[in-house]
Amino acid sequence: MTDSIRALLDRVPTGLLIGSEWREASDGGTFDVHNPATGEILATLASATQDDARAALDAACEAAAEWAATSTRHRSEVLRRAFDLITERAEDFATLMTLEMGKPLAEARGEVTYGNEYLRWFSEEAVRDYGRSFPAPEGTLEMITRRKPVGPCLLITPWNFPLAMASRKVAPAVAAGCTMVLKPAALTPLTSQYFAQTMLDAGLPAGVLNVVSSAKPSDVSTPIMQDSRLRKISFTGSTGVGKKLLELASQNVLRTSMELGGNAPFLVFEDADIDAAVAGAMQAKMRNIGEACTAANRFLVHESVAEEFGTKLAEEMNKLKVGNGLDSATTCGPLINPAAVDSMTELVRDASDKGARVLCGGERGEGEGFFYQPTVLVDVPRSARAAQEEIFGPIAPIITFSTEEEALEIANDTEYGLASYLFTQSIDRIWRVSDGLEFGLLGINAGVISNAAAPFGGVKQSGMGREGGAEGLDEYTSLQYLGVKVER
Ligand code: NAD
């Protein structure tokens with residue numbers, strides 16, 4: 001490890017942020033954070049216990065009334081200062097994400113820009129706290145609506161986008177006047193720890209944001225969710241864990257935002273610009289090493305262009321350089337852990353057993369880290385696991401179709417409904433297929449559409465609620481209606 005990386009890691013708090021202080025766990029417990037490119041230990045963090053979780057909620061509840069009473073301009077300016085500080089510290093954040101999550105440094109820099117945009121966007125949205133005023137149809141009341149902070153929130157984030165998943169929850173919560181307890185993923189908590197310190201440096205008062213990293217996630221979530229003072233949970237992660245949390249949330253009828261798994265179809269029609277579709281496919285599949293909920297999971301390609309598309313996609317995949325994300329030549333980093341590599345091996349074996357052909361890749365990568373080669377599979381039957389499950393890695397299965405109806409039927413044949421992609425040059429088809437796709441997000445001739453200004457979220461078992469856009473702020477407010485008697 002170089003001196004500059006050691007110095008950066010020394011700047012990351014390793015304790016639990018509860019109220020105004022970073023402290024040890026109540027039982028002194030810790031857990032290690034590893035670099036997936038080398039397997040080495042990067043840092044040892046305090047691991048929150050149930051008592052720590054309760055203390056963090058206490059701090060959030062104590063700060064709630066005062067924070068809710070601050071002006072929207074004040075909250076906006078805290079967020080804007082945090083945006084400026086993250087811009088100054090961009091290289092620190094990018095390096096931390098490459099170290100703990102594995103993505104190539106250039107992509108990590110991209111995530112700093114993307115994740116930081118949530119702070120700028122919600123600093124701008126914070127002051128647009130519009131209500132409505134209108135007369136009752138009978139003329140007897142003046143009816144007013146206004147929004148209030150929903151109250152203390154529990155925010156749980158996944159490991160794959162360590163900055164953006166935290167900022168797109170924390171920024172709207174701050175803007176709305178909520179206090180919160182953030183539980184980052186144990187695999188990649190360093191970015192969140194550094195992010196929380198940056199929020200404090202930007203002037204966020206003690207207790208508004210509390211951070212409880214832990215090796216035992218349910219030790220944090222269960223006591224907090226059973227406490228009647230909690231008002232909301234916002235969770236991003238797998239559908240399985242999301243369902244458990246929804247059950248728990250029902251006990252106190254919590255407001256819930258659930259950003260869950262995906263199984264994105266990527267439709268390429270016979271009238272598509274194939275080179276543009278391949279470029280879009282590389283982005284939609286390989287951004288974040290394929291470890292994204294929005295990652296193209298199933299390539300549904302018209303039979304007349306499937307061979308050309310598959311050949312060109314394999315050519316591009318073969319150009320990727322697998323390696324440590326800190327190496328400037330690397331364009332595809334390691335997977336998050338050994339289990340993820342095993343999972344890729346199993347998916348390829350299952351597809352091959354069912355008749356698929358491996359056009360490129362299909363093997364583990366070389367080296368100490370958790371590498372897997374970028375892989376293209378063709379002639380993949382719909383029964384293959386790679387065609388049904390969330391892959392979360394660098395495998396692109398190609399399935400052919402012959403009609404638009406068949407493409408839509410295959411695309412919607414999943415319990416998920418997060419992202420989908422459509423490549424065609426026909427305007428009429430864009431509308432028809434958009435009408436037919438049961439997904440919350442649709443990229444039209446575009447491989448990446450995530451944006452802080454857009455409402456991000458899914459339908460079906462991909463979840464509920466939206467993050468980003470004007471809608472992202474609504475998730476942290478509750479609507480109050482005032483009926484004022486009018487005597488005329
Ligand atoms: P995960 O569900 O295993 O973990 C997510 C978070 O939940 C982590 O912080 C983890 O520590 C915590 N957690 C795990 N078990 C828990 C429990 N029993 N109680 C409380 N908390 C618990 O998911 P992951 O592996 O970190 O992330 C990958 C998943 O996240 C994929 O399914 C992906 O599609 C999804 N994801 C969705 C979005 C979206 O916006 N829809 C974005 C990114 C990732």
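Each ligand, and each atom within it, is numbered from 1 in the order the structure gives. Here the structure is a predicted model, which means the values were calculated and not measured.
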Any Lys/Arg nitrogen of Lys232 or Glu475 sitting under 4.0 Å from an Asp/Glu carboxylate oxygen of the other?
yes
Which of the atoms of ligand 1 are close to Ile156, meaning less than 4.0 Å from one of its heavy atoms?
6 (C), 7 (O), 9 (O), 12 (C)
Who gets closest to atom 35 (C) of ligand 1 by heavy atom: Ala164, Ser221, Gly237?
Gly237
Kindly determine whether Leu119 and Phe122 satisfy side chain to side chain contact (heavy atoms under 4.5 Å, CB included), including the steps that lead there.
CA-CA 5 Å; Leu119 293 167; Phe122 284 109; over 6 Å; no
Part of Thr222 with heavy atoms under 4.0 Å of ligand 1, whether side chain, backbone, both or neither:
neither
Which residue from Glu390, Glu259, Glu467 reaches closest to atom 34 (O) of ligand 1 through any of its heavy atoms?
Glu390
Phe423/Phe266 aromatic ring centres below 6.0 Å:
yes
Any nitrogen or oxygen of Lys244, main chain or side chain, under 3.5 Å from a nitrogen or oxygen of ligand 1?
no
Looking only at N/O atoms, are Arg168 and ligand 1 under 3.5 Å apart anywhere?
yes
Would you mind checking if Arg385 and Asp353 are paired as a salt bridge, meaning a charged N to carboxylate O distance below 4.0 Å?
no
Using distance alone, with no hydrogens and no angle criterion, decide if Lys169 and Thr236 have a side-chain donor and acceptor under 3.5 Å apart.
yes
Check ion pair Glu111-Lys103 (N to O, under 4.0 angstrom)
yes
Does ligand 1 have a heavy atom under 4.0 Å from the side chain of Glu291, from its backbone, from both, or from neither?
neither
Identify whether the distance between the nearest side-chain nitrogen and carboxylate oxygen of Glu247 and Lys244 falls below 4.0 Å.
no
For atom 22 (C) of ligand 1, closest protein heavy-atom neighbour
Pro217 CB, 3.4 Å
Give me the residue, atom name and distance of the protein heavy atom closest to atom 2 (O) of ligand 1.
Ser238 OG, 2.6 Å
Would atom 11 (O) of ligand 1 count as contacted, meaning some protein heavy atom under 4.0 Å?
yes
Using a strict 4.0 Å threshold on nitrogen-to-oxygen distance, state whether Arg11 and Asp92 make a salt bridge.
yes
Checking heavy-atom distances from atom 41 (N) of ligand 1 to each of Leu187, Leu260, Thr188, Val241, the winner is Leu260
Any heavy atom of Thr236 under 4.0 Å from ligand 1? The part involved is both
Considering only the protein, which heavy-atom contact is closest to atom 38 (C) of ligand 1, and what is its distance?
Cys293 SG, 2.9 Å
Proximal ligand 1 atoms for Phe456, defined as those under 4.0 Å from one of its heavy atoms:
39 (C), 40 (O)
Salt bridge between Lys460 and Glu415, side-chain N to carboxylate O under 4.0 Å?
no
Salt bridge present between Arg382 and Glu409 (N-O < 4.0 angstrom):
yes
Could you tell me, atom by atom, which parts of ligand 1 come under 4.0 Å of a heavy atom of Met165?
42 (C), 43 (C)
Does any N or O atom in Thr239 lie less than 3.5 angstrom from one in ligand 1, N or O only?
no
A cation-pi test, strictly: NZ or CZ of Arg364 under 6.0 Å from the centre of the six-membered ring of Phe371 and no more than 45 degrees from its axis. Yes or no?
no
May I ask you to identify, for Phe161, whether its side chain, its backbone, both or neither come under 4.0 Å of ligand 1 on a heavy-atom basis?
neither
When you measure from atom 25 (O) of ligand 1 to every protein heavy atom, which one gives the shortest distance, and what is it?
Trp159 NE1, 2.8 Å
Those atoms of ligand 1 less than 4.0 Å from some heavy atom in Phe392:
28 (C), 31 (C), 33 (C), 34 (O)
Please confirm whether Trp159 and Phe392 have ring centers closer than 6.0 angstrom.
yes
State the CG-OG distance between Leu267 and Ser420, to the nearest 0.5 angstrom.
7.5 Å
What residue and heavy atom of the protein are closest to atom 18 (N) of ligand 1, and at what distance?
Ser218 CB, 4.1 Å
Indicate yes or no: does Arg109 engage Glu91 in a salt bridge with an N to O separation below 4.0 Å.
yes
Give me the nearest non-hydrogen protein atom to atom 44 (C) of ligand 1 as residue plus atom name, then the distance to 0.1 Å.
Asn160 ND2, 3.4 Å
List ligand 1 atoms under 4.0 Å from Leu418, heavy atoms only on the residue side.
41 (N)
With respect to atom 6 (C) of ligand 1, which of Thr157, Asn297, Asn337 exhibits the smallest heavy-atom separation?
Thr157
Checking a contact table here: which protein heavy atom is nearest atom 7 (O) of ligand 1, and how many Å away?
Phe235 CE1, 3.2 Å
Picking from Thr95, Thr191, Thr188, Asn35, what satisfies side chain to side chain donor-acceptor pair (under 3.5 Å) with Glu100?
Thr191
Residue, atom and distance of the protein heavy atom nearest atom 27 (O) of ligand 1 read Pro158 CB, 3.4 Å
